Amino acid sequence: MALLQEWRETAYSQDTDKGELQKFWDDYFKLEKSIYEQLLINPDEEVKGTVKELADKYNISVMNMIGFLDGIDASLKVSNPIDEIEVDTEVSLAFDKEKLYKNMVDAKAEWLYNIPMWDEIFDVEKKKELYKEAKKMGTIVNGPKVGRNDPCPCGSGKKYKKCCGKL
């Protein structure tokens with residue numbers, strides 16, 4: 001079984017007791033925060049290695065490292081082959097700082113986007129700007145509604161009701 005699939009079956013199990021699952025996630029989030037604190041100390045350094053080497057480096061299990069790689073993948077400069085990942089797969093944690101911050105906000109992970117190391121990377125104004133951008137990412141903006149007697153937006157010159165608004 002692929003490691004990512006095994007991680008997801010454990011992390012999102014419908015059969016596991018809710019209390020156990022909550023404890024699983026609480027423990028995982030502490031580990032995740034610890035890794036990000038280490039990564040953000042020197043955010044421009046590319047951390048590379050096999051999944052096993054990185055798990056050992058951050059003193060976590062291989063399964064938790066798989067979960068971390070799954071979570072950070074959308075923020076990486078170059079995505080890892082997360083679907084086929086194995087213990088000896090070479091991976092990179094080179095992340096885009098702005099994308100990572102916005103993804104943390106989008107995930108509502110306050111414990112991550114409020115890590116003090118972000119203060120060394122972005123000033124208060126930049127963090128506010130990134131926060132607003134992240135909040136807008138999920139917002140759908142509809143254009144102005146066309147009235148039935150308005151000119152048709154297709155450019156035909158006809159009224160909307162006689163052109164594209166016909167049923």
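Keep in mind that what you see is a predicted model, and the values were worked out from it rather than measured.
Using a cutoff of 4.0 Å between basic side-chain nitrogens and carboxylate oxygens, K23 and D27 are scored as salt-bridged. The existence of a salt bridge linking D119 and K127 is confirmed by a sub-4.0 Å separation between a basic side-chain nitrogen and an acidic carboxylate oxygen. A salt bridge is defined here as a Lys NZ or Arg NE, NH1 or NH2 lying under 4.0 Å from an Asp or Glu carboxylate O, and K126 with E129 meets this definition. Under the 4.0 Å criterion applied to side-chain N and carboxylate O atoms, E46 and K77 are not assigned as salt-bridge partners. Between K135 and D106 there is no salt bridge, since no side-chain N of the basic residue sits under 4.0 Å from a carboxylate O of the acidic one.
Counting only heavy atoms from C-beta outward, the side chains of Q22 and D17 never approach each other to under 4.5 Å. Between D70 and R8 there is a side-chain heavy-atom pair separated by less than 4.5 Å. Counting only heavy atoms from C-beta outward, the side chains of F122 and E98 approach each other to under 4.5 Å. Side chains of E32 and L112 form a contact here, defined as non-hydrogen atoms less than 4.5 Å apart. For the pair V51/E86, no side-chain contact is recorded, criterion being any heavy-atom separation below 4.5 Å from C-beta on.
Under the 4.5 Å side-chain heavy-atom criterion for ILVMFWY residues, a single connected hydrophobic cluster contains both I115 and I41.
Annotation: W7 is not in aromatic contact with F68 [ring centroid separation under 6.0 Å not met]. If you look at Y12 and W25, their ring centroids are closer than 6.0 Å. The ring of W118 has its center no closer than 6.0 angstrom to the ring center of Y113.
To the nearest 0.5 Å, atom CG of residue L93 and atom CD of residue E45 are 10.5 Å apart. Going from atom CG of L31 over to atom CE of M65 covers 11.0 Å, rounded to the nearest 0.5 Å. Separating the CD atom in E9 from the CG atom in D15 is a distance of 10.0 Å, to the nearest 0.5 Å. Interatomic distance, CE of M63 versus CG of L4, reported as 9.0 Å (0.5 Å rounding). In this structure, CD1 on I66 lies 12.5 Å from CD on Q5, to the nearest 0.5 angstrom. The NZ atom of K166 sits 11.5 Å away from the SG atom of C152 when rounded to the nearest 0.5 Å.
Between the side chain of S34 and the backbone N or O of K30 there is no donor-acceptor pair closer than 3.5 Å.
Taking every heavy atom of both residues into account, I72 and L100 meet most closely at CG1-CD1, 4.3 Å. For the pair M137 and K102, the tightest heavy-atom approach, listed with the atom from each and the gap, is CE-O, 4.3 Å. Closest of all the heavy-atom pairs between Y160 and P153 is CD1-CD, 3.9 Å. The two atoms that bring D73 and N80 nearest to each other are OD1-N, 3.1 Å, heavy atoms only. Of all heavy-atom pairs between E53 and G49, the closest is OE1-CA, 3.3 Å. Among all heavy-atom pairs drawn from S75 and N103, the shortest one is OG-ND2, 2.8 Å.
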Q: Determine, stepwise, if the pair V78 / L76 fulfils side chain to side chain contact (heavy atoms under 4.5 Å, CB included).
A: CA-CA 5 Å; V78 177; L76 297 177; 5.9 Å; no

| query | Checking side chain to side chain contact (heavy atoms under 4.5 Å, CB included) for the pair D150/K159: CA distance, chi angles, key distance, verdict? | reply | CA-CA 6 Å; D150 292 339; K159 286 185 179 184; over 6 Å; no

ask   = Checking side chain to side chain contact (heavy atoms under 4.5 Å, CB included) for the pair K48/E90: CA distance, chi angles, key distance, verdict?
value = CA-CA 7 Å; K48 292 171 85 164; E90 185 84 21; 4.1 Å; yes

- Item | Test log, rule side chain to side chain contact (heavy atoms under 4.5 Å, CB included), inputs K97 and F95 | CA-CA 6 Å; K97 294 176 284 221; F95 57 90; 3.8 Å; yes

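No more than 12 heavy atoms of other residues, nucleotides or ligands shown are found within 6.0 angstrom of CG on N59.
T50 and D88 are not linked by any side-chain donor-acceptor pair at a separation below 3.5 angstrom, with hydrogens and angles left out of the test.
For the side chain to side chain contact (heavy atoms under 4.5 Å, CB included) test with L54, the passing option among V91, V62, I35, I60 is V91; the others fail.
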